[in-house]
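See structure below.
If you're wondering where the values come from, they're calculated on a predicted model, not measured in any experiment.
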Amino acid sequence: ADHAGVSLKDALADDLREAGAQVIDLGTHGTESVDYPDYGAAMADAIADGRAPIGVIVCGTGIGISIAANRNPAVRAAHCAHTTDARLARQHNDANVLALGARLVGSEVARDCLAVFLETAFEGGRHERRVAKLG
């Protein structure tokens with residue numbers, strides 16, 4: 001997360017740890033202004049090199065950091081604002097990164113999006129050939 005998303009990132013990471021998940025926190029850790037592309041790229045590198053199978057990224061809108069992450073061909077980051085987005089991103093697009101906008105969604109919506117993202121499987125089938133064209 002960048003500085004705008006750090007509070008939401010911390011809350012989601014705490015929830016994941018409480019649920020028993022392993023969390024790799026790539027920063028930032030404070031509210032001093034930082035550049036979101038650096039954090040999107042760091043998370044994308046973690047996906048690409050196999051340190052993480054999925055990722056969650058947060059900036060003020062979720063848009064900039066998702067653009068940065070999607071520059072890496074190993075990443076399919078989906079900017080989600082509600083649970084339907086999160087579900088369809090997984091089912092149809094095999095998204096491996098959830099992007100959230102801390103200034104646009106509340107913490108409860110973000111938590112719901114994360115839960116749906118984690119529990120939803122890729123449908124495959126007719127979607128496979130389309131997803132293959134993304135990488």
Cluster check V58, I67: I/L/V/M/F/W/Y, side chain < 4.5 angstrom: no

Residues E123, H92; criterion side-chain contact (heavy atoms from CB on, under 4.5 Å); working and verdict: CA-CA 6 Å; E123 285 183 352; H92 294 187; 3.8 Å; yes

Closest approach of I65 to Y39 (non-hydrogen atoms, all atoms of both residues): CD1-CB, 4.2 Å

Nearest atoms (heavy-atom pairs only) where A69 meets A77: CB-CB, 4.4 Å

Which atom of A89 lies closest to which atom of A78, heavy atoms considered: CB-CB, 3.5 Å

Least distance between heavy atoms, P37 atom then A68 atom: CA-CB, 3.7 Å

I54 with V23, same ILVMFWY side-chain cluster at under 4.5 Å: yes

Exam field: side chain D85 to backbone A81, donor-acceptor pair closer than 3.5 Å: yes

S66 (side chain) donor-acceptor with I63 (main chain) under 3.5 angstrom: yes

Parallel, tilted or perpendicular: ring planes of F122 versus H127, cut at 30 and 60 degrees: tilted

Cluster link V6 to L98, ILVMFWY, side chain under 4.5 Å: no

In one Ile/Leu/Val/Met/Phe/Trp/Tyr side-chain cluster, 4.5 Å: L114, V105: no

Exam field: side chain H3 to backbone V34, donor-acceptor pair closer than 3.5 Å: yes

Common cluster, L26/Y36, ILVMFWY with side-chain heavy-atom separation under 4.5 Å: yes

Of V97, V131, N93, the residue whose pairing with R76 passes side-chain contact (heavy atoms from CB on, under 4.5 Å): V131

Smallest separation among heavy atoms of R111 and A11, with atom names: NH2-CB, 3.7 Å

N-O pairing of K9 and D25 below 4.0 Å: yes

Member of L12, T61, V109, I57 meeting the side-chain contact (heavy atoms from CB on, under 4.5 Å) criterion with L100: L12

V75 backbone acceptor or donor facing N96 side chain under 3.5 Å: no

For G55 against I47, the heavy-atom pair lying closest together: N-CD1, 3.8 Å

